[in-house]
**Student:** 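Please find one structure pasted underneath; my questions will follow.
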Amino acid sequence: MYKKRPDGRKFDELRDMEAKVGIIRRADGSAMFRIGKTIALAAVHGPRELYPKFLQDPSKGILRCNYNMMSFSGSGERVRPGGSRRSKEISMITENSLYPVLDLSEYPGAVVDVFIEILQSDAGTRCAGICAAALALADAGFPMKDLVSAVSVGRIEDKLVVDLDKEEEDYEVEREVADIPVAIMPKTGKITLLQMDGICSKEQLSKVMEIAKEACNKVYEVQKKALLEKLSQ
């Protein structure tokens, strides 16, 4: 049985968090989100005209996300620079996670680019990237129904745990570790991302969603505080 987390946290306890907005002067919107040792930086550029023109949507703007782990960001081995299947997948799910809160109807034929750089990785990078990107879009002043908050919940042996770190993600036991990234719109509780790497029962998944929503609300408070601090300056 899994009795104790490596860093001494309770099973429902998140790592310490920090968020800042407006940190890149030449971007239209920017943000940093840190959870534990994982640090994500997001910059928004746009809206600007999309080329080639056949990619344009005449009814609304297009959101385009680019996720990248910097070569020195990995926990241990050097990350190979450049695009990969994993970075393309996370870029796509980030777009899908953010689309439900954005209204780009005022920008037909345009594109909004969000660049996400992982400066330091200790698991949960896609969730940290989504949190940073949502803050950067808000900082850029786009009409948004809500923010998007994300966190990873997992199963290690018989325990459900919040916000897995790298050591827990790599935990080796006979039964697989399940890693479940979740993103929600905090005001409505609607889910914009649900993935699962591993095996989890239906009953466990139902409990995971309850835990994830509660954890995402804590993430949301950190995001909201960062935006309010920027507005008060």
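Hydrogens, waters and symmetry mates play no part in the numbers below; they use all other heavy atoms, side chains included.
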**Student:** Quick one: does Cys127's side chain get under 4.5 Å of Pro181's, heavy atoms only?
**Tutor:** yes

**Student:** I want to check something: taking the side chain as every heavy atom from C-beta on, are Val182 and Leu193 in contact at a cut-off of under 4.5 Å?
**Tutor:** no

**Student:** So if I apply the side-chain contact (heavy atoms from CB on, under 4.5 Å) rule between Val208 and each of Val162, Ile180, Val161, which one comes out positive?
**Tutor:** Ile180

**Student:** Could you check if a side-chain atom of Leu228 sits within less than 4.5 angstrom of a side-chain atom of Lys225, using non-hydrogen atoms only?
**Tutor:** no

**Student:** When you measure from the side chain of Ser30 to the backbone N and O of Ala43, does any donor-acceptor pair fall under 3.5 Å?
**Tutor:** no

**Student:** Any ion pair linking Arg64 and Asp113 (charged N to carboxylate O, less than 4.0 Å)?
**Tutor:** yes

**Student:** Less than 4.0 angstrom from a charged side-chain N to a carboxylate O is my criterion; do Lys224 and Glu221 meet it?
**Tutor:** yes

**Student:** State, yes or no, whether a side-chain contact exists between Leu137 and Leu102 at a heavy-atom distance under 4.5 Å.
**Tutor:** yes

**Student:** Looking at Asp146 and Lys190, is there a salt bridge between them, counting it only when a charged N and a carboxylate O are closer than 4.0 Å?
**Tutor:** no

**Student:** If you compare all heavy atoms of Ser87 against all heavy atoms of Ser91, which two are closest, and at what distance to 0.1 Å?
**Tutor:** O-OG, 2.7 Å

**Student:** What distance do Leu147 atom CG and Ile184 atom CD1 have between them, rounded to the nearest 0.5 Å?
**Tutor:** 11.0 Å

**Student:** Is the side chain of Thr38 donor-acceptor paired with the backbone N or O of Asp122 at a distance under 3.5 Å, no angle test?
**Tutor:** yes

**Student:** Could you state whether Phe54 and Tyr51 fall into the same hydrophobic cluster, counting links through intermediate Ile, Leu, Val, Met, Phe, Trp or Tyr residues with side-chain heavy atoms under 4.5 angstrom apart?
**Tutor:** no

**Student:** Could you tell me the separation between the CE atom of Met185 and the SG atom of Cys216, rounded to the nearest 0.5 Å?
**Tutor:** 12.5 Å

**Student:** Side chains of Ile90 and Ile116: does their closest heavy-atom pair fall under 4.5 Å?
**Tutor:** no

**Student:** Any donor and acceptor pair, going by atom type alone, linking the side chain of Arg34 with main-chain N or O of Gly36 inside 3.5 Å?
**Tutor:** yes

**Student:** Is there a side chain to side chain contact (heavy atoms under 4.5 Å, CB included) between Val111 and Arg48? Walk through the geometry before answering.
**Tutor:** CA-CA 6 Å; Val111 63; Arg48 49 192 179 188; 4.0 Å; yes

**Student:** Is the closest side-chain heavy-atom distance between Val44 and Phe142 below 4.5 Å?
**Tutor:** yes

**Student:** Please test Arg15 against Asp165 for salt bridge (charged side-chain N to carboxylate O under 4.0 Å, His left out), starting from the C-alpha separation and ending with a verdict.
**Tutor:** CA-CA 9 Å; Arg15 292 173 288 180; Asp165 62 20; 5.8 Å; no

**Student:** Can you check whether Lys37's main-chain N or O pairs, donor with acceptor, with Gln120's side chain at less than 3.5 Å?
**Tutor:** yes

**Student:** Are Glu168 and Arg155 close enough for a salt bridge, meaning some N to O gap below 4.0 Å?
**Tutor:** no

**Student:** Salt bridge or not between Asp103 and Lys60? Use side-chain N to carboxylate O under 4.0 Å.
**Tutor:** no

**Student:** Donor-acceptor pair, Ser232 side chain versus Glu229 backbone, under 3.5 Å?
**Tutor:** yes

**Student:** Salt bridge between Asp7 and Arg9, side-chain N to carboxylate O under 4.0 Å?
**Tutor:** yes

**Student:** What distance do Tyr107 atom OH and Leu104 atom CG have between them, rounded to the nearest 0.5 Å?
**Tutor:** 7.5 Å

**Student:** Determine yes or no for a side-chain-to-main-chain donor-acceptor pair under 3.5 angstrom, with Glu169 supplying the side chain and Lys166 the backbone.
**Tutor:** no

**Student:** Begin from the C-alpha positions of Lys10 and Arg5 and carry the test side chain to side chain contact (heavy atoms under 4.5 Å, CB included) through to its verdict.
**Tutor:** CA-CA 7 Å; Lys10 297 176 182 177; Arg5 304 185 76 173; over 6 Å; no

**Student:** Between Lys230 and Val21, what is the shortest heavy-atom contact and its length?
**Tutor:** CB-CG2, 3.2 Å

**Student:** So, does Thr125 use its side chain to make a donor-acceptor pair with the main chain of Ser121 at under 3.5 Å?
**Tutor:** no

**Student:** Is a side-chain donor or acceptor of Asp28 paired with a backbone partner of Gly46 at a separation under 3.5 angstrom?
**Tutor:** yes

**Student:** What's the separation between atom CG in Leu205 and atom CD in Glu203, rounded to the nearest 0.5 Å?
**Tutor:** 9.5 Å

**Student:** If only side-chain N and O atoms count, and only distance matters, is there a donor-acceptor pair under 3.5 Å linking Asp179 with Ser152?
**Tutor:** yes

**Student:** Would you find a donor on one side and an acceptor on the other, under 3.5 Å apart, between the side chain of Gln223 and the backbone of Val148?
**Tutor:** yes

**Student:** So do the side chains of Thr94 and Val114 get within less than 4.5 Å of each other, counting heavy atoms only?
**Tutor:** no

**Student:** For residues Ala226 and Ala19, report the shortest heavy-atom separation together with the two atoms involved.
**Tutor:** CB-O, 3.5 Å

**Student:** Can you see which heavy atom on Ala178 is nearest to which on Ile199, and at what distance?
**Tutor:** CB-O, 3.5 Å

**Student:** Would you say the rings of Tyr67 and Phe115 are close, in the sense that their centroids are separated by under 6.0 Å?
**Tutor:** no

**Student:** For Ile211, is there any backbone N or O sitting under 3.5 Å from a side-chain donor or acceptor partner on Glu214?
**Tutor:** no

**Student:** Under the criterion side chain to side chain contact (heavy atoms under 4.5 Å, CB included), I'd like the reasoning laid out for Phe33 against Ile130: C-alpha separation, chi angles, the key distance, then a yes or no.
**Tutor:** CA-CA 9 Å; Phe33 185 84; Ile130 289 169; over 6 Å; no

